[in-house]
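Convention: sequence-line order gives letters A, B, ...; per-chain numbering from 1. As a basis for the values below, the full set of heavy atoms in this structure was taken, side chains included, without hydrogen atoms, waters or symmetry mates.
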Number of protein chains: 2
Amino acid sequence: MRLLYVEDNERLAQNTSASLQANGFIVDCVHCGEDAVHSARSYDYDAIILDLGLPDMEGLSVLRSIKAAKPEVPFIICTARDALEDRIKGLDAGSDDYIVKPFDAAELLARIRAVLRRPGGALGVTLMAGNITFDTSCRSVEIGGTPAHLSRRERDLLELFMRRKGRILSRDTIENALYGFDEPPTPNAIEVATHRLRRKLADMGASVAIHTLRGIGYFLDDDGA
Amino acid sequence: MRLLYVEDNERLAQNTSASLQANGFIVDCVHCGEDAVHSARSYDYDAIILDLGLPDMEGLSVLRSIKAAKPEVPFIICTARDALEDRIKGLDAGSDDYIVKPFDAAELLARIRAVLRRPGGALGVTLMAGNITFDTSCRSVEIGGTPAHLSRRERDLLELFMRRKGRILSRDTIENALYGFDEPPTPNAIEVATHRLRRKLADMGASVAIHTLRGIGYFLDDDGA
DNA sequence: ACCCGGCTTACAGAAGACTTACAGCTGACG
DNA sequence: CGTCAGCTGTAAGTCTTCTGTAAGCCGGGT
């Protein structure tokens, strides 16, 4: 679950993104509008948290630029209370959420989860593939009815595969989904991660498996489901 | 999928083109504007990545020279952040993309893919010929509805034939499409490659086939489609 | 019947993916 | 505050698959 966090106040950015990370999100943090537009164009985010008081660009024009390219990405707008009225009015209220500063991490988290849980959002669905069930709201996994012990990476990876069941995932796609851009892994890291996940799936008698397409990527069985 | 990469910084050029190659692109790397214009005239590239800080020529005039000869080739411009405004302004914004230095390989890749996916671009289309489908976005192939296991070369070759379905491809054309200019194969290599592809197509019951024109080249059936 | 161009096969080097082992880090618990 | 267990990325070694080369074969055209 990958987020883009746009906030020019370094200190606040640090703290908040630490909290988000502690809650299992991959967070890319940028400090100006230009970088934000850039990153949003280059990567797929599950949600974007946007502070409106940016130094270089009018916040809403950042939003518009990004929406133009990726209309489906949900936004959470951060703004000071007094600036609230006039700015928020400009938004398509139905598609996004906002939060007034100062806010605490728990509230932001709740908002993010809420936004992700919306129809079409990334949360709140139970994914199924063969005899595997993945509950995306509490992030628990069952294989053949018994709960599976997966580590964070393994869960993230499995979730990714299950969301894109049957579709081919390139190494890049996987890397982008699992790692923020300030934690670049060796190519091998992904091999190791899939290996570990594969073994757990096999050990627990999963009826689907991850297949390799040499030179292209990986995909999850789609037939048994 | 062949790229021309114009970058005078040797070190950067090395690293970046290695990443591109690792992602399945054929990369020709040149270090000055003159070579760039030259190569772009001599070969067909799917995209050109152009650094604006070249020693011998003004970057944009390189762009213009090439565009004059091959107007359809998409460009991705690399530039330092401070030089961005005034230079990019000169571009026909709709037809090209740009990326600010420093960038990481993943971002460049994303840009390239985005550019290739544009209408008229090389990616994002599903090619069809007889009972063969070639999904150019994830580079997967199905024959008669079942996924085909093809190696990288085989896929590249098939893609080439399917893009030019019914047209005749000389050995040279094939060689230029599949091999960068620093990896020259024996003439025979292409024979072997087509042979292997032919066998897989036949084994999987493809309804189209690759035909030989002695002394001229090869072509893919066009009737059954 | 001969020759040239393409086809086929076998093989070896290279590239890619899989495994295993290890070490740093984190987080829980005493 | 220290210790311990588990997670995760790195690195190195192994195994598999791919791919170009070389060498011989086949077949059509002259």
If you take atom types as modelled and just measure distance, does the side chain of B:Arg214 reach the base of C:dG6 with a donor-acceptor pair under 3.5 Å? no

Any donor-acceptor pair under 3.5 Å between the side chain of B:Arg152 and the base of D:dT19? no

Calculate the interatomic distance between [X] atom [atom1] and [N] atom [atom2]; express it in whole Å.
X	N	atom1	atom2	result
B:Leu150	D:dT19	CG	P	10 Å
A:His211	D:dT17	NE2	P	15 Å
B:Leu197	D:dG20	CG	C1'	16 Å
B:Leu157	D:dG20	CG	P	10 Å
A:Leu213	C:dC18	CG	C1'	16 Å
B:Gln21	D:dC18	CD	P	20 Å

Determine the contact category for A:Arg155: base if any of its heavy atoms lies under 4.0 Å from a base atom, sugar-phosphate if only primed atoms, P, OP1 or OP2 are that close, otherwise nothing. nothing

Would you mind classifying the nucleic acid contact of A:Arg153 as base, sugar-phosphate or nothing, using non-hydrogen atoms under 4.0 angstrom? sugar-phosphate

Can you check whether [X] has a side-chain N or O nearer than 4.0 Å to OP1 or OP2 of [N]?
X	N	result
A:Tyr218	C:dA17	no
B:Thr186	D:dT21	yes
A:Ser151	D:dG6	no
B:Tyr179	D:dG20	yes
B:Thr212	C:dG5	no

Donor-acceptor pair, [X] side chain versus [Y] backbone, under 3.5 Å?
X	Y	answer
B:Thr136	B:Arg139	no
B:Arg198	B:Ile210	yes
A:Arg111	A:Tyr98	yes

Assign each of B:Ala189 and B:Lys200 the nucleotide of DNA chain D bearing its closest heavy atom; nearer the 5' end lies the nucleotide of B:Lys200

Would you call [X] and [Y] a salt bridge, taking side-chain N to carboxylate O under 4.0 Å as the test?
X	Y	answer
B:Lys70	B:Asp44	yes
B:Arg2	B:Asp156	no
A:Arg41	B:Glu107	no

Please write out the pairs of protein N or O atoms and N or O atoms of nucleotides 19-23 of chain C separated by less than 3.5 Å, giving the distance to one decimal.
| from | atom 1 | to | atom 2 | distance (Å) |
| --- | --- | --- | --- | --- |
| C:dT19 | OP2 | A:His195 | NE2 | 3.1 |

Return yes if a side-chain donor-acceptor contact under 3.5 Å exists between B:Thr16 and B:Arg11, otherwise no. no

